[in-house]
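In what follows, a single structure is set out as structure tokens and then discussed.
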Amino acid sequence: MVKFERGRQAIAKGVEFQQGFLREDGGYIWDGYRCDAFHKQAYSWTLVGKNEEAHRLLNWIRDNRIRPDGSLILVPTEKEAGMTMNPPQSPDDANIDVYKHCWTIQGAHRMGRFDVSYPIYNFLKTLERPCGGFPLEASMDHCRAMTTAWTGVTAIYFNDLDLAKRCMDWCLSVQEQNTDPERYHFTTDNDGKIIKDNGCNIDIHGLKQCYWEVGFSMILADRMYQITGDKKYLDAVGKWLDFLWTCNTDVWSYWGSGKAAQAAAMYYSFTGDERGIDAAVGFIDFVVNTQTKIKDKDGKYAGGLWYDDEPDILLIYVDHAACFSGWVLDSISYIESRMGLLR
């Protein structure tokens, strides 16, 4: 399909753009910007066969960015301030971001870089809350769908199905507790009760919503269905998809739409529900049409992606180019496998 080929070309351009900031020593930080932009890159680059560059980056992470306890040095603490070009965010905050740990683990594990993935994963497991959920950052007092589901997917890489199931059960509990058809709350307290008064929700009437919070739960449920064949996981994906299709017009054409789009494509590959094709194609078109071109911004950041509800800084262009790789390419692969179009 022509749309799919354009999607592949856009991702190839995005990876080329990202790799322009890889340093000779394998590092991925640069003057004037945050020093935690490296977490998605190995995952992204290997999808288009850029393994040598990914190994260089992972060597740098292994040698410079993993603490003795396995946690990643993202924004260094005050004691580690000499390791960065930027001042630390907080003198006492080690910035233990669960989401970024998961991305780094998955990218390394997919390449067989167990010297990177295992120590970080062993640390990640220590952040689980009593309800089976995970916070966004270790210092936070609540759990979130994005990080819980992405941790569950990460656990599957290690055949840690006990942890994956606890994460999945948390996601299913959140789905069950959400009874308002026009609003989806995606955080809970540490006992697993949804929080309704913190503004963390998807409102079907709003634009530019946190669609990824549902999308990650869908991806985990898709994965659990692949492993177990249990239809309850497929049914859960269907319910989340039903909800998303009631959302506003940008549900498949926003920078936060890719996770759910990939999950929908996976769901299509299992069920034949063509809403999954429509969702994925909507997002692929969005990426192709909004990617920064050479003619834009005086030639700066061509191949990256940025949107007007975000800071206009290099970090954003790099981050979107990295994570869109997976959502676009995996969506295409799942759809083509069902349609018999694999080349």
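Positions are given from 1 along the sequence. Remember, it's a predicted structure, so these values are computed and weren't measured experimentally.
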Hey, mind stepping through Phe283 and Phe324 against ring pair (Phe, Tyr, Trp, His ring centres under 6.0 Å) and telling me if it holds? CA-CA 10 Å; Phe283 182 69; Phe324 286 3; 5.2 Å; yes
Scan side-chain atoms only and decide if His185 and Gln177 contain a donor-acceptor pair under the 3.5 Å cut-off. no
For the backbone of Lys232 and the side chain of Asp230, can you confirm whether one donor and one acceptor N or O come within less than 3.5 Å of each other? yes
Grouping I, L, V, M, F, W and Y whenever their side-chain heavy atoms are under 4.5 Å apart, do Ile202 and Tyr307 come out in a common cluster? yes
Once the angle between the rings of Phe270 and Tyr225 is folded into 0 to 90°, is it parallel (under 30°), tilted (30 to 60°) or perpendicular (over 60°)? tilted
Using the side chain to side chain donor-acceptor pair (under 3.5 Å) rule, collect all pairs that involve residues 263-272, keeping only residues at least two apart or in two chains. none
side-chain hydrogen bond (donor to acceptor under 3.5 Å, both in side chains) partners for Asp235, two or more places apart: Lys231
Donor-acceptor pair, side chain of Asp296 and main chain of Thr292, under 3.5 angstrom: no
Take the angle between the ring planes of Tyr317 and Trp306 and call it parallel below 30°, perpendicular above 60°, tilted in between. parallel
Looking at every non-hydrogen atom in both residues, tell me the closest pair between Thr154 and Cys102 and how far apart they are. OG1-CB, 3.5 Å
Is there a side-chain contact between Phe21 and Leu314 in this structure, where contact means two heavy atoms from C-beta onward sitting under 4.5 Å apart? yes
With sequence neighbours left out, the residues meeting salt bridge (Lys or Arg N to Asp or Glu O under 4.0 Å) with Asp203 are Arg183
Would you indicate whether the side-chain heavy atoms of Cys171 and Phe216 approach each other to under 4.5 Å? no
Donor-acceptor under 3.5 Å (Asp319 side chain, Leu315 main chain): no
Can you tell me how the ring of Tyr157 sits relative to the ring of His109, calling it parallel under 30°, perpendicular over 60° and tilted otherwise? perpendicular
Lys/Arg cation over aromatic Tyr43: Arg110, 6.0 Å, 45° cone: yes
Taking the side chain from Ser257 and the backbone from Tyr254, do they hold a donor-acceptor pair closer than 3.5 Å? yes
Taken in chain and number order and not counting sequence neighbours, the residues that satisfy side-chain hydrogen bond (donor to acceptor under 3.5 Å, both in side chains) with Trp170 are Thr188
Gln209: which residues meet the side-chain hydrogen bond (donor to acceptor under 3.5 Å, both in side chains) condition with it, sequence neighbours left out? none
Find the distance between NZ (Lys193) and CD1 (Ile195) and round it off to the nearest 0.5 Å. 10.0 Å
Any salt bridge linking Arg23 with Asp25? Criterion: basic side-chain nitrogen under 4.0 Å from a carboxylate oxygen. yes
Can you tell whether the side chains of Arg8 and Glu336 come within less than 4.0 Å, N to carboxylate O? yes
Counting only heavy atoms not in Glu16 (residues, nucleotides, ligands), do more than 12 fall under 6.0 Å from its CD? no
Asp189: which residues meet the salt bridge (Lys or Arg N to Asp or Glu O under 4.0 Å) condition with it, sequence neighbours left out? none
Do you know the tightest heavy-atom contact between Ile335 and Ala265? CG1-CB, 3.9 Å
Residues passing the salt bridge (Lys or Arg N to Asp or Glu O under 4.0 Å) test with Arg223, sequence neighbours excluded, are none
May I have all residue pairs that pass side chain to side chain donor-acceptor pair (under 3.5 Å) and include part of residues 142-152, sequence neighbours excluded? Arg144-Glu213
Residue pair Trp327, Tyr334: steps toward the ring pair (Phe, Tyr, Trp, His ring centres under 6.0 Å) verdict: CA-CA 11 Å; Trp327 315 139; Tyr334 274 101; over 10 Å; no
Mind checking whether Trp245 and Trp252 have parallel, tilted or perpendicular rings, split at 30° and 60°? tilted
Determine whether the side chains of Gln18 and Ser44 contain a donor N or O and an acceptor N or O closer than 3.5 Å. yes
Test of understanding: with side-chain hydrogen bond (donor to acceptor under 3.5 Å, both in side chains), list the residues that count as partners of Asp169, not counting sequence neighbours. Lys165
Which residues pass the side chain to side chain contact (heavy atoms under 4.5 Å, CB included) test with Ser71, sequence neighbours left out? Arg67, Asp69, Ile96, His101, Phe123
Suppose we screen for ring pair (Phe, Tyr, Trp, His ring centres under 6.0 Å). Which residues come up paired with Phe243, at least two apart in sequence or across chains? Tyr184
Test salt bridge (Lys or Arg N to Asp or Glu O under 4.0 Å) applied to Lys208 - qualifying residues, sequence neighbours left out: Asp308
Is the centre of the Tyr118 ring less than 6.0 Å from the centre of the Phe158 ring? yes
